[in-house]
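One structure is given below, encoded as structure tokens.
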Amino acid sequence: MGAYLNPGNEGFRTITNDIYVDKTGLIDYVNSTIDTPRKLTCFSRPRRFGKSFAAKMLCAYYDKSCDSRALFEGLEISEKESFEKGLNRYNVLYLDITRFISRAKNKGTDIVLDLQTAVIEELREVFPARVREGETFLADALFDICEETGEKFIIIIDEWDALFREAKNDEALQKKYIQLLRGLFKAGPITDRTIAAAYMTGILPIKKYGTESALTDFLEFTMTNPAKLARYIGFTQEEVIRLCAENDMDFEQMSAWYDGYTFSRIGHVYSPNSVMKAVVNEEFANYWTSSETYESLKNYISMNYDGLKDAVVAMLGGKRIRVKVRTFQNDVSSFKSKDDVLTLLIHLGYLGYDAQNEEAFIPNQEVADAFADAVTGDKWEDVGELIQDSENLLEATLRGDSDAVAAALEKAHSLNSSVLRYNNEASLSSAIMIAFYTARRFYKIVPESPEGKGFADLAFLPGKGTDKPALIIELKYDKNADTAIRQIHENRYDGDLKKYYGNLLLVGINYDKDAKGKNAKTHTCIIEKV
């Protein structure tokens with residue numbers, strides 16, 4: 001077993017020694033690609049979404065230097081017809097690009113040269129008669145080995161895009177790296193006779209130059225189009241329900257914290273790292289984003305592209321935003337529009353994406369907290385102040401202080417007037433959702449009627465373990481708060497709300513855009529306890 005050639009199965013064994021969610025069905029897919037035109041796979045997804053776990057799993061399955069049968073017995077792949085097809089039958093070349101970046105930095109060397117030199121040295125130790133002295137090109141070294149042994153390689157590359165993130169301004173180095181990958185994977189005699197299959201994983205899709213992919217022969221699966229591999233991006237809802245049942249965790253709270261990514265083929269997908277840490281720690285908290293700095297998110301959302309700040313504010317207010325993902329160049333520097341920035345945030349996991357409607361959105365409480373922490377500083381002072389004031393607004397609502405609620409919403413709309421059009425319905429709705437930001441920690445917030453005059457109608461349903469009352473908020477436009485309360489009585493006393501009778505607050509709010517006079521109030525509020 002080596003560092004790069006045939007790394008063994010200990011990495012996957014360690015993973016299965018802990019609480020493990022079976023994702024070995026991915027092996028069945030890779031098996032189906034071996035020695036076919038589909039044999040090159042690139043599967044990108046965010047940090048903490050199990051990329052390295054999958055890479056170690058594939059190494060353990062294919063590596064001919066070890067016996068992994070017992071590791072996979074009883075798992076999904078063992079029930080598949082393809083189980084025997086690749087089990088410990090190949091020489092595996094495993095490349096963790098972040099490791100080579102660190103190594104090159106320490107040595108002060110060119111990462112692309114250092115990578116090839118290190119791997120070729122190890123290949124020469126194992127195949128001394130087959131790797132020529134002075135060989136510097138990895139593709140040629142692999143070709144010579146395969147010509148002599150008649151055995152093809154499985155190549156697995158983890159964090160394949162790390163160089164594009166770490167050396168984002170070094171275009172010459174990026175192109176040299178792409179040339180290395182093209183040498184390995186460009187369709188032709190060398191690739192055909194050397195590689196049985198390849199699997200690359202990272203955060204970003206393959207870099208584009210103009211409209212063309214830099215590696216045209218790879219079949220890609222991404223956060224915007226995961227296709228048949230969607231169930232391997234994270235944990236499915238069925239898997240999370242099972243974990244909650246087995247570990248006595250509340251599924252509704254788990255869903256509020258870590259759900260939100262959705263794909264048409266499988267529905268809901270959860271952040272796996274966060275779910276596992278919540279299970280192990282027996283506590284719901286911000287695990288995924290707490291492992292990252294907020295500086296990068298803050299830098300991206302503060303970029304001066306027309307409409308970007310409006311879009312972020314609207315999403316903080318619970319809205320979905322149309323986004324064109326096709327112009328993104330798949331790097332962290334070639335931005336030309338707000339759509340490019342939003343697309344990057346989708347790939348980083350900071351936004352969910354509805355491919356059918358081409359809409360981006362903030363997926364869950366954990367990620368919403370990351371945005372809340374990021375909206376500080378000069379460009380975001382107004383929105384940050386709204387979020388900071390949200391705790392006081394919730395407290396005023398719960399104690400029935402209608403004047404304080406009206407004053408707080410007045411301030412919320414005023415602060416947002418510099419971001420969005422003041423009298424725009426989406427602006428007012430978003431302002432209310434941001435103003436009640438703190439409530440998300442205690443409530444499931446359900447839009448009651450997104451269309452028509454009552455555009456900000458909301459039901460706040462208390463989560464498990466809280467004694468806070470349920471809330472119904474009705475916002476009227478150029479009418480009065482009494483009308484809002486009356487409409488709630490007429491339309492909202494049925495369904496799931498019945499169980500909250502005796503612990504239910506009705507909140508009617510009116511916004512009068514034409515209020516005049518020194519003592520005129522643009523916002524009025526009535527709070528009634530049921």
Side-chain angles (χ1 to χ4, degrees), residues 2-6 33-44 55 62 90-101 103-104 109-127 130-164 166-167 170-202 204-210 212-220 330-331:
Y4 316 114
L5 177 65
N6 296 334
T33 72
I34 290 176
D35 284 329
T36 74
R38 299 180 292 109
K39 66 182 177 180
L40 306 179
T41 301
C42 184
F43 188 14
S44 60
Y62 289 111
Y90 289 91
N91 284 314
V92 172
L93 192 64
Y94 173 66
L95 308 177
D96 179 352
I97 303 304
T98 56
R99 176 177 179 176
F100 287 107
I101 291 175
R103 175 186 167 117
T109 57
D110 178 332
I111 176 181
V112 178
L113 176 62
D114 184 72
L115 184 157
Q116 294 187 90
T117 300
V119 176
I120 289 171
E121 285 178 358
E122 186 168 299
L123 290 173
R124 185 177 291 113
E125 291 176 3
V126 179
F127 304 102
R130 299 185 176 101
V131 179
R132 291 172 292 180
E133 289 293 333
E135 180 63 76
T136 60
F137 193 42
L138 180 57
D140 286 347
L142 295 177
F143 180 78
D144 289 341
I145 292 170
C146 293
E147 284 294 280
E148 291 293 326
T149 64
E151 298 178 349
K152 295 182 180 181
F153 283 83
I154 299 281
I155 298 183
I156 299 169
I157 303 181
D158 194 8
E159 299 287 358
W160 87 271
D161 61 322
L163 188 142
F164 288 95
E166 295 286 333
D170 193 338
E171 189 173 341
L173 182 60
Q174 292 176 16
K175 289 187 175 181
K176 189 182 294 185
Y177 176 54
I178 287 294
Q179 288 302 322
L180 166 63
L181 297 179
R182 281 176 173 163
L184 288 170
F185 302 122
K186 182 67 176 175
I190 292 180
T191 299
D192 292 342
R193 291 154 69 176
T194 304
I195 298 172
Y199 177 90
M200 295 199 313
T201 186
L204 299 175
I206 291 174
K207 167 70 179 169
K208 288 193 293 187
Y209 293 98
E212 295 297 323
S213 170
L215 300 169
T216 55
D217 296 306
F218 272 85
L219 187 60
E220 286 200 80
N330 300 341
D331 60 30

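Just the heavy atoms: all of them, side chains too, but no hydrogens, waters or symmetry mates, feed the values below.
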Has Glu135 got a side-chain atom pairing as donor or acceptor with Asp140's backbone, closer than 3.5 angstrom?
no
Could you tell me whether a side-chain N or O of Trp160 sits under 3.5 Å from a main-chain N or O of Leu204, the two making a donor and an acceptor?
yes
Could you please spell out the steps behind the salt bridge (charged side-chain N to carboxylate O under 4.0 Å, His left out) verdict for Arg124 and Glu133?
CA-CA 9 Å; Arg124 185 177 291 113; Glu133 289 293 333; 3.8 Å; yes
Please report the interatomic distance NZ(Lys152) to CG(Asp35), rounded to the nearest 0.5 Å.
3.5 Å
Determine whether a donor-acceptor pair (N or O, by modelled atom type, separation under 3.5 Å) exists between the side chain of Thr36 and the backbone of Thr33.
yes
Any sub-3.5 Å donor-acceptor pair from Gln116's side-chain atoms to Leu138's backbone N or O?
yes
Given Phe164 and Ile97, is the side chain to side chain contact (heavy atoms under 4.5 Å, CB included) satisfied, shown in steps?
CA-CA 11 Å; Phe164 288 95; Ile97 303 304; over 6 Å; no
Can a donor-acceptor pair be found, under 3.5 Å and without considering hydrogens, that links the side chain of Thr191 to the backbone of Ala187?
no
Closest heavy-atom pair and its distance - Gly183, Ala139
O-CB, 3.5 Å
Looking only at heavy atoms, which two atoms of Asn91 and Phe127 are closest? And how far apart?
ND2-CZ, 4.1 Å
Phe218 backbone acceptor or donor facing Thr41 side chain under 3.5 Å
no
CD1 on Ile190 to CD on Glu147, rounded to 0.5 Å:
9.5 Å
Picking from Ile156, Asp161, Asp158, what satisfies side chain to side chain contact (heavy atoms under 4.5 Å, CB included) with Thr201?
Asp158
Can you tell me if Gln174 uses its side chain to pair, donor with acceptor, with the backbone of Leu163 under 3.5 Å?
no
Taking Thr194 as the fixed residue, which of Leu142, Ile145, Asp144 is the one that meets the side chain to side chain contact (heavy atoms under 4.5 Å, CB included) rule?
Leu142
Could you walk me through whether Arg99 and Tyr4 pass the side chain to side chain contact (heavy atoms under 4.5 Å, CB included) check?
CA-CA 11 Å; Arg99 176 177 179 176; Tyr4 316 114; 4.1 Å; yes
What's the shortest heavy-atom distance between Ile155 and Ile157, and which atoms?
CG2-CG1, 3.9 Å
Do the side chain of Glu166 and the main chain of Ile101 share a donor and acceptor less than 3.5 angstrom apart?
no
For the atom pair CD1 (Ile195) and CZ (Phe143), what is the distance rounded to the nearest 0.5 Å?
12.0 Å
Would you check if the distance from the ring center of Tyr62 to the ring center of Tyr94 is below 6.0 Å?
no
Please check if the side chain of Glu148 supplies one atom and the backbone of Arg130 the other of a donor-acceptor pair under 3.5 Å.
no
Would you give the length of the straight line joining atom CZ of Arg132 to atom CD1 of Ile120, rounded to the nearest 0.5 angstrom?
10.0 Å
Output yes when a side-chain donor or acceptor of Asn330 lies under 3.5 Å from a complementary backbone atom of Ile206, and no otherwise.
yes
Taking it one step at a time, do Lys186 and Thr216 satisfy side chain to side chain contact (heavy atoms under 4.5 Å, CB included)?
CA-CA 8 Å; Lys186 182 67 176 175; Thr216 55; 4.0 Å; yes
To the nearest 0.5 Å, what is the distance between CG on Leu215 and NZ on Lys207?
12.0 Å
When every non-hydrogen atom of Pro205 is compared with those of Ser44, the smallest separation belongs to N-OG, 3.9 Å
How close do Glu151 and Cys146 get, heavy atom to heavy atom, and via which atoms?
O-SG, 3.1 Å
Atom pair CG (Leu180) and CZ (Phe137), whose distance is rounded to the nearest 0.5 Å
6.5 Å
If you look at every heavy atom in Val131 and Ala141, which pair is closest and at what distance?
CG1-CB, 4.3 Å
